[in-house]
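Below is one structure, written out as structure tokens; comments come after it.
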Amino acid sequence: MAVESLQRELGRAVRAIGADPDTRVGLERARDPEHGDWASNVALTLARPLRRKPREIAEEIVARLDTDAAGVRSVEVAGPGFINFRLAPEALIGGLAEIVDADLAFGRSEDGQGEPVMVEFVSANPTGPLHIGHGRQAALGDAIAELLAWTGWKVSREFYYNDAGEQINRLARSVAARRAQLDSPSAPFPEDGYHGDYVSEIASRFPGGPAASEELRAFAVSELRAEQDRDLSEFRVRFDRYYLESSLYTDGRVQDTIRRLREAGRVYEQGGALWLRTTAFGDDKDRVMVRSNGEPTYFLADVAYHLAKWERGFRRAINVQGSDHHGTTARVRAGLQALGLPRGYPEYVLHQMVTVLRGGQEVKFSKRAGDYVTLRELFTEVGVDVARYFFLMRRAEAQLVFDLDLALDQSDKNPVYKIQYAHARMHAIFRRAGLPMSDVAAGTVALLRQPAEVELVKVLRRLPETLAEAAARHAPHLLCKYLEEAAAAVNAWYHTGNRDESLRVLGVEQDLSRARLLLARAAAIVLRNGLSVLGITAPERMEHAETLT
RNA sequence: GCGCCAGUAGCUCAGCUGGAUAGAGCAACGGCCUUCUAAGCCGUAGGUCAUAGGUUCGAGUCCUAUCUGGCGCGCCA
């Protein structure tokens with residue numbers, strides 16, 4: 001690739017002027033086209049160690065560059081001492097064949113080298129329908145997992161079921177109370193019970209009698225798990241494994257974790273409880289592992305669970321959780337460090353809350369769940385593609401405002417449709433031409449000289465680096481931004497044909513038409529691959545409301 | 001009180017390890033339809049980057065303090 005040879009050549013010139021051989025030679029895409037294609041600030045960073053003026057250093061580096069070797073058309077020193085490079089047009093256009101040859105694999109890389117990584121997400125308690133916060137987490141976790149898969153990691157998606165705690169007892173009491181009310185309506189309902197209509201629904205579906213409390217509890221949990229599974233499945237999120245908290249107790253992992261922490265000498269007794277000295281690893285207070293009544297804490301199970309991840313061979317584990325859990329991250333990591341695991345294990349992606357807006361007003365309630373909006377209600381109204389995209393288009397750490405009015409808009413104002421339309425337009429060209437896309441695998445790309453064409457090629461080639469950065473930073477929103485930019489470039493190119501027929505793909509001289517078809521195919525590949533990473537469909541033809549009715 | 005996240009255009013938000021005049025979408029304003037689908041396109045306007053200091057050749061980005069919003073600080077999960 002031209003950029004890598006440019007980087008090497010630049011490094012050679014930097015050493016040639018007597019700079020430290022370890023100097024980091026920055027080379028990045030110029031933000032402003034005025035500054036060429038690539039720019040280096042190396043002369044500025046060398047100014048201090050060399051005690052010389054940046055521009056002088058830049059001039060000297062440029063004088064020693066062999067630009068022919070790097071496919072560079074021109075070099076200039078600009079501003080305070082930047083070195084700007086313009087690539088030869090052939091070097092830019094040459095990337096088109098790469099996209100089409102790779103096709104479904106375009107954008108994939110091998111950074112992960114097939115190493116295993118676990119992404120744990122959703123992990124909702126089986127006590128009610130999934131809400132929009134879970135939706136954000138489902139979309140985020142799935143996209144992060146897919147980004148890692150695209151960058152060469154062997155990814156496992158896991159859901160941790162907190163099926164062992166007090167909240168399950170609460171659920172059981174709530175359903176039992178509703179069941180009793182079927183026989184005598186004045187029967188009491190627990191103060192801390194779950195109030196949503198779904199509790200009554202489960203109670204009325206329960207086939208057993210009023211006294212069967214164990215069966216009722218199991219029934220309620222399995223009903224809610226089944227409902228969550230249906231929601232997630234329709235939201236197009238699948239897991240490789242569901243890990244039950246209860247299994248940590250039955251298979252001895254919890255007891256084993258206590259034993260090992262004791263052996264590590266990080267444990268002490270106080271007030272009849274067993275404590276772990278997490279403050280030794282940066283926590284702000286020590287934590288109870290076993291209560292004075294002999295019951296282990298949730299925290300202990302959490303440590304046991306993450307130890308199990310490590311011992312199952314996952315040297316990387318990423319937990320996607322709501323930011324309301326941020327208090328637990330320090331103590332879980334501390335517990336794991338006490339057992340000899342590395343400091344940053346696991347990695348956390350903590351996302352902020354979601355609010356739903358309709359007509360500028362916040363929507364808070366749901367018919368079934370009572371006090372929150374469910375994921376199902378949301379994706380039923382706006383569609384899975386739109387819901388997933390809206391959950392992903394903001395950084396996880398920022399609060400998310402889900403604008404229903406924009407989500408329901410089916411024009412290009414809605415970023416999801418904008419990208420999908422751009423993709424469908426490329427297919428429309430091929431339909432009009434009567435050609436399958438796969439028939440166009442080569443062309444005289446040197447004929448692509450129009451500004452909109454060159455610009456589009458430049459954008460399309462950035463997919464691999466965008467995926468790599470989004471994966472490294474656990475940040476799917478970077479891919480959303482990129483796809484919107486790519487769609488804008490596709491639309492801009494496509495519409496140049498509106499004003500000037502000589503710029504169209506079809507109806508122009510054959511070699512030129514062929515080259516433009518190749519560009520259209522490359523555009524479709526980039527948009528489709530990018531959307532697939534986000535779990536969003538790339539339709540070849542868009543149907544819209546007016547024509548459906 | 002302590003901790004985590006955030007504060008950038010009227011609104012919703014980008015801004016990569018500090019780098020060249022701060023970007024996008026929506027809303028606003030002005031143009032463009034016998035189209036490879038105008039469900040659109042082109043253009044214009046709009047910002048003391050919460051505030052005050054500091055580090056630096058250079059700060060939206062790093063440090064300190066303050067203000068505002070969200071979340072968390074249990075022998076709950």
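Remember, predicted model here, so these are calculated numbers, not experimental data. Order of the sequence lines fixes the chain letters, A, B, ..., with proteins taken first and strands second; residue numbering starts at 1 for each chain.
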Under-4.0 Å side-chain N/O to phosphate OP1/OP2 contact, [X] with [N]:
X	N	value
R473(A)	G15(B)	yes
S411(A)	G40(B)	yes
K481(A)	G23(B)	no
R291(A)	C76(B)	yes
H325(A)	C4(B)	no
R331(A)	C73(B)	no
R287(A)	C75(B)	no

| request: May I ask you to say what V401(A) touches in the nucleic acid, namely base, sugar-phosphate or nothing, with a heavy-atom cut-off under 4.0 Å? | output: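 The residue V401(A) makes sugar-phosphate contact but no base contact.
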| query | So what does H495(A) touch, heavy atoms closer than 4.0 Å: a base, only the sugar-phosphate, or nothing? | reply |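 Sugar-phosphate only.
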Identify which nucleotide among [options] has an atom closest to any side-chain atom of [X], counting heavy atoms from C-beta outward.
X	options	value
A273(A)	C16(B), G70(B), C75(B)	C75(B)
D324(A)	G74(B), G72(B), G70(B)	G72(B)
K413(A)	A27(B), G40(B), G69(B)	A27(B)

| query | May F82(A) be described as stacking on the base of A20(B), applying a 5.5 Å centroid limit and a 30° limit on plane angle? | reply |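 It does: the ring sits over the base of A20(B).
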Using a 3.5 Å cut-off and no angle test, enumerate the donor-acceptor pairs between side-chain atoms of residues 395-402 of chain A and protein atoms at least two apart in sequence or in another chain.
none

| task | Please determine if E484(A) and K418(A) form a salt bridge, counting it only when a charged side-chain N lies under 4.0 Å from a carboxylate O. | result |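 Salt bridge between E484(A) and K418(A), a charged N being under 4.0 Å from a carboxylate O: no.
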| Say you draw a straight line from CD of Q137(A) to CZ of F391(A); how long is it, rounded to the nearest 0.5 Å? |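 It is 11.0 Å, given to the nearest 0.5 Å.
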